[in-house]
Amino acid sequence: MFVLVIGPAASGKTSISNQLSKNGFLINLDPATSSNAPIDIRKWVKVEDIQKKYNLGINGALLKSMEIISGINEWIYEDRNKIKIVDTPGQLEIFLYHEYGKKIVEKMLKHDIVTSLFIIDAQEILSLENYLAILAQNAMINLKLMIPSITAINKIDVVDVERIKKFIDRKNIEKEFERGDALISLSKGLIDYVEYTSIYQRPIFVSAKTGEGIYDLYSVIHEVHCSCGDLS
Ligand SMILES: Nc1nc2c(ncn2[C@@H]2O[C@H](COP(=O)(O)OP(=O)(O)O)[C@@H](O)[C@H]2O)c(=O)[nH]1
Ligand SMILES: [Mg+2]
């Protein structure tokens, strides 16, 4: 199975990928960041070279890089018995607004099953509204990619986890709905949608720094692996 690690810039995708790759095979698909991964896309596509070659700014060069990556096969690792952790660039836009993300997923699907692992920075969950906004992004990506999705809340070593658990608690959310706030009411459908499209409704709390929760994340990845395996 491929585990496509996505999420906003600096949420901890690379740190989590490194942790998970202790028991998996690491593929770096970020053309802008050097990596010790056994498969490193920078062997074929380096964002700074693309920038020069096509005379592009950094964002244009990253998009061009992803277009090239979606068209080559060199980074695919064939072993179906291995969990392949795929680290991706910081720009979530690639998966939200462009076809390259979808093409990359389709390429992987030709070789093995794929799940996404959406990483959220716990420090960004400051309110229920804030959490719902992040979930909306997750839902949009799920809608676009059409693969199972796992959500991990990272950096729990630097936040009050109990406070965050209150925001994401279904009963608490329902209470907020009852208050009648229009925006929150609108998001009720969103929560139902996310729960419908995610195999795992509950996010996994982790710290890539301390390793806390990484074992739980492995368990969930293996469960998705088994359930998808049963379906195929
Ligand atoms: N405190 C803390 N910092 C983290 C954790 N995971 C990542 N970071 C830090 O967050 C920053 C971004 O991490 P990185 O893995 O590069 O994020 P990416 O851009 O999503 O790949 C770095 O400074 C990391 O050291 C964590 O669990 N706890
Ligand atoms: Mg990274």
Side-chain angles (χ1 to χ4, degrees), residues 2-48 50-51 58-59 61-63 65-66 69-70 75 84-98 100-101 104-105 108 115-126 130-131 133-135 137-138 140-141 145 149-165 167-168 202-221:
F2 289 101
V3 177
L4 185 71
V5 184
I6 53 181
S11 55
K13 295 179 294 299
T14 300
S15 308
I16 292 218
S17 298
N18 287 337
Q19 280 277 6
L20 290 175
S21 66
K22 289 178 187 165
N23 287 302
F25 185 89
L26 185 59
I27 299 175
N28 174 43
L29 274 200
D30 184 351
T33 309
S34 297
S35 166
N36 291 324
I39 293 184
D40 181 3
I41 199 65
R42 282 177 57 83
K43 191 171 160 194
W44 302 282
V45 186
K46 286 197 182 87
V47 77
E48 60 273 24
I50 301 296
Q51 211 174 342
I58 184 66
N59 286 329
L62 191 68
L63 268 185
S65 301
M66 296 319 279
I69 292 167
S70 69
W75 56 270
K84 293 156 291 255
I85 313 295
V86 184
D87 191 10
T88 66
Q91 281 79 351
L92 202 52
E93 291 86 344
I94 293 161
F95 296 96
L96 272 174
Y97 302 121
H98 299 280
Y100 313 128
I104 286 170
V105 169
M108 290 190 284
T115 185
S116 69
L117 171 56
F118 189 84
I119 311 292
I120 299 172
D121 183 337
Q123 297 171 109
E124 303 290 338
I125 306 177
L126 302 166
N130 202 294
Y131 178 62
I134 297 169
L135 276 191
Q137 284 188 333
N138 197 351
M140 278 164 72
I141 292 176
L145 299 184
S149 157
I150 302 165
T151 305
I153 296 178
N154 185 35
K155 308 195 188 181
I156 57 165
D157 55 295
V158 286
V159 296
D160 177 355
V161 176
E162 291 312 313
R163 189 169 166 266
I164 292 180
K165 280 189 177 158
F167 289 140
I168 67 168
R202 303 268 167 266
I204 316 297
F205 288 87
V206 294
S207 165
K209 189 174 179 186
T210 65
E212 193 182 345
I214 294 291
Y215 182 80
D216 294 340
L217 201 48
Y218 276 129
S219 306
V220 170
I221 289 170

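On a predicted model such as this, the values are computed, not experimentally measured, just so you know. Each ligand, and each atom within it, is numbered from 1 in the order the structure gives. When reading the values below, keep in mind they use all heavy atoms of this one structure, side chains included, and skip hydrogens, waters and symmetry mates.
Counting non-hydrogen atoms of other residues, nucleotides and ligands closer than 6.0 Å to CG of Asn36 gives a total of 12 or fewer. Annotation for Glu212: atom CD does not count as buried by contact number, only 12 or fewer foreign heavy atoms lying within 6.0 Å.
Close approach of ligand 1 to Ser207 is summarised as follows: ligand atoms under 4.0 Å from at least one heavy atom of the residue are 27 (O). Remark: ligand 1 atoms within the under-4.0 Å shell around heavy atoms of Val158 are 1 (N). Numbered from 1 in the order shown, with element, the atoms of ligand 1 that lie under 4.0 Å from a heavy atom of Lys13 read 15 (O), 17 (O), 18 (P), 19 (O), 20 (O), 21 (O).
At the shortest separation from atom 16 (O) of ligand 1 among protein heavy atoms lies Thr14 CB, 4.1 Å. Counting only heavy atoms of the protein, atom 10 (O) of ligand 1 lies nearest to Lys155 NZ, 3.0 Å. If you check which protein heavy atom lies closest to atom 15 (O) of ligand 1, you get Ser15 OG, 2.6 Å. Of the protein's non-hydrogen atoms, Asn154 ND2, 3.2 Å is the one closest to atom 6 (N) of ligand 1.
Only the side chain of Asp157 comes within contact range of ligand 1, with a heavy atom under 4.0 Å; no backbone atom does. Residue Ile156 does not touch ligand 1, judged by heavy-atom distances below 4.0 Å.
Across Lys155 and Ala122, no two heavy atoms sit closer than the pair O-CB, 4.1 Å.
Checked by distance only, ligand 1 and Asp87 stay at 3.5 Å or farther apart across all their nitrogen or oxygen atoms. Residue Gly12 places at least one N or O, backbone or side chain, under 3.5 Å from an N or O of ligand 1. Below 3.5 Å of separation, one finds an N or O of Ala208 facing an N or O of ligand 1.
Considering CD1 of Ile94 and CG of Leu62, their distance stands at 4.5 Å, rounded to 0.5 Å. Here the straight-line distance linking atom NZ of Lys13 with atom CG of Asn18 works out to 12.5 Å at 0.5 Å rounding.
Between the side chain of Ser207 and the backbone N or O of Lys209 there is at least one donor-acceptor pair closer than 3.5 Å.
Contact annotation: Thr88 places no N, O or S atom under 2.8 Å from the Mg ion (ligand 2).
Using a non-hydrogen distance threshold of 4.0 Å, Ala10 registers as a contact of ligand 1. Using a 4.0 Å cutoff on heavy atoms, Gly7 does not count as a contact of ligand 1.
With hydrogens and angles left out, the side-chain atoms of Thr151 and Asn138 include a donor and acceptor closer than 3.5 Å.
Using a 4.5 Å heavy-atom threshold, the side chains of Ile104 and Val86 count as separate. Side-chain contact between Ile125 and Val159 is absent, with no heavy atoms from C-beta onward closer than 4.5 Å. Using a 4.5 Å cut-off on side-chain heavy atoms (C-beta onward), Leu92 and Ile141 make contact.
Atom 21 (O) of ligand 1 is approached by the protein to below 4.0 angstrom, counting heavy atoms only. For atom 12 (C) of ligand 1, the nearest protein heavy atom lies under 4.0 Å away.
With Phe25 as the aromatic partner, Lys84 does not meet the cation-pi criteria of under 6.0 angstrom to the ring centre and within 45 degrees of the ring axis.
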